[in-house]
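The structure appears below as structure tokens.
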Amino acid sequence: MMKLYNNAQSRGMTLLPLLKELGIEDQIEQIEVPYENMHQAEYTSINPMGKVPCLVDQGVVISEVAAIFTYLADKYMEKGLAPALDDPKRGAYLKWMFFAHGPLTEYMDLKGLNVPDEQIEQRKRSLTFGHEESVFAFLKKGMQEANPYLLGEKISAADLFLGYWMVFAISFKILPYLDEFKPFIQLLAQRDSMQDVPWFQKINA
Ligand SMILES: N[C@@H](CCC(=O)N[C@@H](CS)C(=O)NCC(=O)O)C(=O)O
């Protein structure tokens with residue numbers, strides 16, 4: 001049985017729709033780690049970062065939420081949420097997965113901390129997202145090309161991960177709810193796996 005160390009107030013919640021879409025909730029023991037315990041030896045012996053989420057499968061520890069998404073979607077590839085290794089769509093799939101994990105998360109963190117725009121502007125060459133307008137341009141292009149999902153007709157784990165982050169950020173006013181985002185967000189809002197995600201209701205999607 002796999003173990004998922006998580007916290008109900010954390011980014012690990014992005015994984016719950018994935019577990020539902022894969023139909024593997026009964027194959028994972030979910031362990032709630034309170035924030036006050038995360039840096040105690042019992043948990044840091046598993047993840048020295050003292051962070052959740054963290055998946056343990058057959059003794060192997062997988063931390064970093066995008067790694068867990070990618071790992072599970074690949075492990076259950078027959079469920080159709082990850083393009084096969086030789087599928088040309090695999091590259092775009094990984095691009096979206098890691099855009100959400102890297103630049104988008106960094107952008108959201110800095111905006112959430114109210115780091116002044118001038119400071120961001122000064123550091124734009126070394127920040128992974130670069131510039132706010134580039135993040136919007138990248139997302140808008142992806143949303144305009146989505147048909148209806150990022151990779152075409154079939155939903156993938158990247159839609160679930162990016163979509164969760166987007167709706168979370170929009171509900172906290174970190175990202176604007178641009179018209180270009182609406183069809184994608186509204187499509188995700190209808191999925192059974194997203195019904196327990198509170199952020200869709202917050203933005204009336
Ligand atoms: N890079 C990690 C970051 C995980 C992370 O920051 N988790 C936060 C909750 S959202 C956490 O566990 N914080 C506990 C702490 O720092 O004490 C990932 O993306 O999975």
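Source: prediction; values computed, not measured. Both ligands and their constituent atoms are indexed starting at 1 by order of listing.
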Residues in side-chain hydrogen bond (donor to acceptor under 3.5 Å, both in side chains) with D57, at least two apart?
Y71, K75

For Y43, give me all partners under side-chain hydrogen bond (donor to acceptor under 3.5 Å, both in side chains), at least two apart in sequence or on another chain.
none

For residues 131-147, the side chain to side chain donor-acceptor pair (under 3.5 Å) pairs (sequence neighbours left out) are Y107-E132, K111-E132, E121-H131, K141-E145

So does M77 have more than 12 non-hydrogen atoms from other groups sitting under 6.0 Å from CE?
yes

Those residues with a heavy-atom separation under 4.0 Å from ligand 1 are S10, R11, Y35, M38, H39, G50, K51, V52, P53, E64, V65, H101

Less than 6.0 Å separating the ring centroids of F138 and W96?
yes

Kindly confirm or rule out a cation-pi arrangement of K182 over Y177, judged by NZ or CZ under 6.0 Å from the six-membered ring centre and within 45° of its axis?
yes

